[in-house]
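Worksheet: the structure to be examined is printed underneath.
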Number of protein chains: 2
Amino acid sequence: MPETTRRAERSPGNRYGNRPTMKDVAARAGVGLKTVSRVVNGEPGVTPDTERRVQEAIDALGFRRNDSARVLRKGRTASIGLVLEDLADPFYGPLSRAVEEVARSHGALLINGSSAEDPERERELALALCARRVDGLVVIPAGSDHRYLEPEIRAGVATVFVDRPAGRIDADVVLSDNFGGARDGVAHLIAHGHRRIGFIGDMPRIHTAAERLRGYRAAMEDAGIPVEDRWMSLGVTVPERVRRATQEMLSGPDPVTAVFTGNNRVTVTVVRVLAEQSRQVALVGFDDFELADLLRPGVTVVAQDAAALGRTAAERLFRQLDGGFVAPERIELPTRLVERGSGELPPAR
Amino acid sequence: MPETTRRAERSPGNRYGNRPTMKDVAARAGVGLKTVSRVVNGEPGVTPDTERRVQEAIDALGFRRNDSARVLRKGRTASIGLVLEDLADPFYGPLSRAVEEVARSHGALLINGSSAEDPERERELALALCARRVDGLVVIPAGSDHRYLEPEIRAGVATVFVDRPAGRIDADVVLSDNFGGARDGVAHLIAHGHRRIGFIGDMPRIHTAAERLRGYRAAMEDAGIPVEDRWMSLGVTVPERVRRATQEMLSGPDPVTAVFTGNNRVTVTVVRVLAEQSRQVALVGFDDFELADLLRPGVTVVAQDAAALGRTAAERLFRQLDGGFVAPERIELPTRLVERGSGELPPAR
DNA sequence: CTGAAAGCGCTTACAG
DNA sequence: CTGAAAGCGCTTACAG
């Protein structure tokens with residue numbers, strides 16, 4: 001009956017399959033529990049002969065130390081949590097990978113989850129990770145109130161926010177220069193002769209979206225251009241809304257001659273809409289994306305370094321863990337304007 | 001001295017910061033440990049009054065159940081591991097997210113790590129996850145020998161391989177129809193009049209790369225076209241190698257008139273090289289990618305559904321966990337040819 | 001309805 | 001060099 005032999009039964013009295021424990025190894029090797037522990041952990045003070053006997057028992061039984069028990073005793077789990085918006089978003093892939101690499105270099109595993117931009121889900125996830133006693137937490141906030149983390153932070157969970165600041169608590173945060181980047185991008189369009197410039201961005205409650213809008217306004221104001229309401233559209237980044245917003249700005253008697261887009265998802269949709277237009281419309285997008293250089297025209301972007309955000313945040317996290325208290329800090333990484341053609345088009349007409 | 005008050009000290013005798021335990025809650029509420037456990041887990045059999053007292057103690061102390069201890073007793077960790085190649089690769093983002101969603105719907109957390117296409121690192125990661133006693137493992141293999149997982153599987157760790165088959169062990173595997181997809185893609189080029197067709201793919205030791213090459217050969221053979229060695233180039237997918245390989249196929253007296261690319265990373269580089277050419281070269285790529293439709297010409301691809309791969313694998317994993325033994329199966333998901341222009345170009349000349 | 005005892009699989013602190 | 005005892009923070013099985 002292969003059904004019962006291939007995979008261990010999972011009856012309640014038969015936890016973890018029926019894995020051998022150190023006790024089993026000790027019995028088989030004819031030594032004490034502590035001696036097995038010494039061998040498993042490479043601690044000194046075991047004669048070569050004893051070590052060999054223990055090792056043989058380990059191999060014969062297929063023993064693997066239960067780190068979950070180890071953790072309970074040691075206090076640190078050697079794992080950190082990452083709460084992000086969506087693992088499938090190309091912006092978060094490199095960020096997540098960078099966090100993972102830093103964790104790995106510190107011997108820690110990474111548990112991550114997507115909040116799907118839902119504050120309640122962010123909260124549940126973050127607290128579930130705390131219940132698992134992760135040593136630290138890297139959070140890309142969906143919500144704007146993180147007081148729920150205060151007891152956890154007080155209890156010793158290292159915490160760093162990234163991409164967006166924490167709400168209503170004092171904590172480490174690593175951001176891109178969203179304001180400055182957007183201002184530079186819009187100023188670039190102004191320098192190429194545009195005055196009627198549209199801004200299409202994400203929901204205004206999202207910090208990055210608000211900051212980029214602020215950058216847009218600042219650049220316009222610096223140039224003495226009064227901004228019209230219909231030039232600004234903020235909302236969800238689903239293609240339908242972005243498409244409609246773009247088309248509205250491009251219609252009517254005084255259409256915009258250039259568009260500044262608030263993030264990669266918006267940019268992609270706007271590129272699609274512009275490709276359908278007969279007249280040329282200039283475009284600068286926040287966030288770089290693959291193949292931006294291969295489109296015709298190439299898409300000029302304000303690039304942020306997602307991997308650097310992740311790396312910086314994770315390093316900050318382990319500094320908290322290694323060094324005890326570190327005063328909360330706000331770190332801002334610079335953005336970079338990449339000219340590729342779409343942002344250098346002159347105003348139509 | 002805020003240094004010591006803000007964040008808990010981490011002295012050895014002071015584990016997990018200095019978090020309150022059920023014992024602390026019990027003492028404060030003046031009840032037994034088990035009663036606290038009942039309240040925390042919403043078990044019946046507690047008078048409203050007792051429950052209130054316990055709840056007050058929980059709130060006052062900021063107690064949060066230590067799931068790590070709970071897990072030790074219960075046997076299941078409610079977490080699964082995902083070993084993939086690179087979290088930053090756009091192909092794995094949606095796959096990982098899909099696995100996460102299924103895990104979430106089963107109340108499990110996802111621990112993931114990147115193997116960086118290194119078999120030894122894959123092994124370390126997978127075994128580290130087993131040591132943490134994940135309930136199950138979804139693995140995108142980097143290596144070709146997974147016998148190291150046999151004791152773990154025997155001990156009850158549910159395991160599903162995805163994207164590539166397991167090596168030398170009998171296990172569940174979820175794949176795309178790499179052979180059929182590549183054959184269809186190449187047949188598509190042949191149907192549009194091409195005979196000299198190049199294949200540029202990933203390292204031949206990678207199963208998907210080998211299968212796609214096999215599909216290429218099959219299509220050519222079906223059409224009675226003898227394949228020349230210089231039409232095939234397999235190796236690492238770094239831009240430099242792919243670029244050189246493409247240029248070589250396009251040079252000489254009898255250049256290829258069409259190229260079939262073995263994955264998204266190869267495709268992106270080949271698109272770049274072709275954009276620099278004066279003559280038109282047809283292209284069909286394995287893997288869809290964002291903006292493929294916006295390039296000129298649009299890039300014809302053999303699309304696979306990364307999210308479906310992840311979802312199917314994860315569902316299979318939980319079926320193992322819920323239902324006890326399930327006979328290992330090989331599930332193959334279909335691919336889809338998406339015509340966008342580049343694959344419908346006629347041969348140059 | 002409530003709780004004391006035992007135990008999950010390890011590590012720690014200590015004694016031989 | 002080696003090991004028995006206690007304990008990490010919970011849940012289980014049982015008794016009142």
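Excluded from the calculations below are hydrogen atoms, water molecules and symmetry mates; all remaining heavy atoms, backbone and side chain alike, are included. Quantities reported herein were computed from a predicted structural model and do not represent experimental measurements. First the proteins, then the strands, lettered A, B, ... as listed; each starts at 1.
In this structure a side-chain-to-backbone donor-acceptor pair under 3.5 Å is present from D145(A) to R147(A). Distance alone, capped at 3.5 Å, places no donor-acceptor pair between the D59(A) side chain and the E56(A) backbone. Without hydrogens or angle criteria, S68(B) side chain to R132(A) main chain gives no donor-acceptor distance under 3.5 Å. Of the possible donor and acceptor atoms, one in the side chain of T77(B) sits under 3.5 Å from a partner among the backbone N and O of R133(B).
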Pairing of DNA chain D as dot-bracket, 5' to 3': ( ) intra-strand, [ ] crossing, | other strand, . unpaired, with Watson-Crick or G-U pairs under 3.5 Å? |||.||||||||.|||
Residues E150(B), R168(B); criterion salt bridge (charged side-chain N to carboxylate O under 4.0 Å, His left out); working and verdict: CA-CA 10 Å; E150(B) 263 175 346; R168(B) 314 189 68 168; over 6 Å; no
Walk me through whether R311(A) and E315(A) qualify under salt bridge (charged side-chain N to carboxylate O under 4.0 Å, His left out). CA-CA 6 Å; R311(A) 197 183 323 116; E315(A) 281 167 354; 5.4 Å; no
Salt bridge (charged side-chain N to carboxylate O under 4.0 Å, His left out), that's the test. Do E329(B) and R319(B) meet it? Break it down for me. CA-CA 12 Å; E329(B) 211 175 303; R319(B) 199 167 322 155; 5.9 Å; no
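Put simply, S37(B) has a side-chain N or O that comes within less than 4.0 Å of OP1 or OP2 on dT11(D). For the OP1/OP2 pair of dC8(D) and a distance below 4.0 Å, the side-chain nitrogens and oxygens of N66(B) include no atom meeting the criterion. Checking the phosphate oxygens (OP1, OP2) of dC8(C), no side-chain nitrogen or oxygen of T21(A) falls inside 4.0 Å. Within the 4.0 Å cut-off from OP1 or OP2 of dG9(D), not a single side-chain nitrogen or oxygen of S68(B) is found.
Distance L72(A) CG to dA6(D) C1': 14 Å, rounded to the nearest Å. Atom CZ of R76(A) is separated from atom P of dC8(D) by 19 Å (rounded to the nearest Å). Between the P atom of dC8(D) and the NZ atom of K74(B) lies a distance of 22 Å, rounded to the nearest Å. Here the P atom of nucleotide dA5(D) and the CZ atom of R73(A) are 16 Å apart, to the nearest Å. Summarising the geometry, the separation between CE on M22(A) and P on dT12(C) is reported as 11 Å, rounded to the nearest angstrom. Rounded to whole Å, the distance from CZ on R133(B) to C1' on dG9(C) is 9 Å. The separation between L33(B) atom CG and dC8(D) atom P is 12 Å, rounded to whole Å. In this structure, E43(B) atom CD and dC10(D) atom C1' are separated by 12 Å, rounded to whole Å.
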Nucleotide N/O to protein N/O under 3.5 Å, stretch nucleotides 14-16 of chain C:
none

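When distances run from any side-chain atom of N41(A) to the nucleotides dT11(C), dT2(D), dG9(C), the shortest one goes to dT11(C). Of the candidate nucleotides dT2(D), dT11(C), dC8(C), dT2(D) has the atom lying nearest to any side-chain atom of T35(A).
Within 3.5 Å, no donor on the side chain of R65(A) pairs with an acceptor on the base of dG9(C), nor the reverse. Judged by distance alone, with hydrogens and angles left aside, R70(B) brings no side-chain donor or acceptor close enough to the base of dG9(D) to form a pair under 3.5 Å.
Nearest approach of L175(A) to H207(A), heavy atoms of both residues: CD1-CE1, 4.2 Å. Closest non-hydrogen pair, L129(A) versus G81(A), comes out as CD1-CA, 4.0 Å.
Side chains of S114(B) and E100(A): a donor-acceptor N/O pair is present below 3.5 angstrom, by distance only.
Within the 4.0 angstrom heavy-atom criterion, no nucleotide atom of any strand lies near D67(A).
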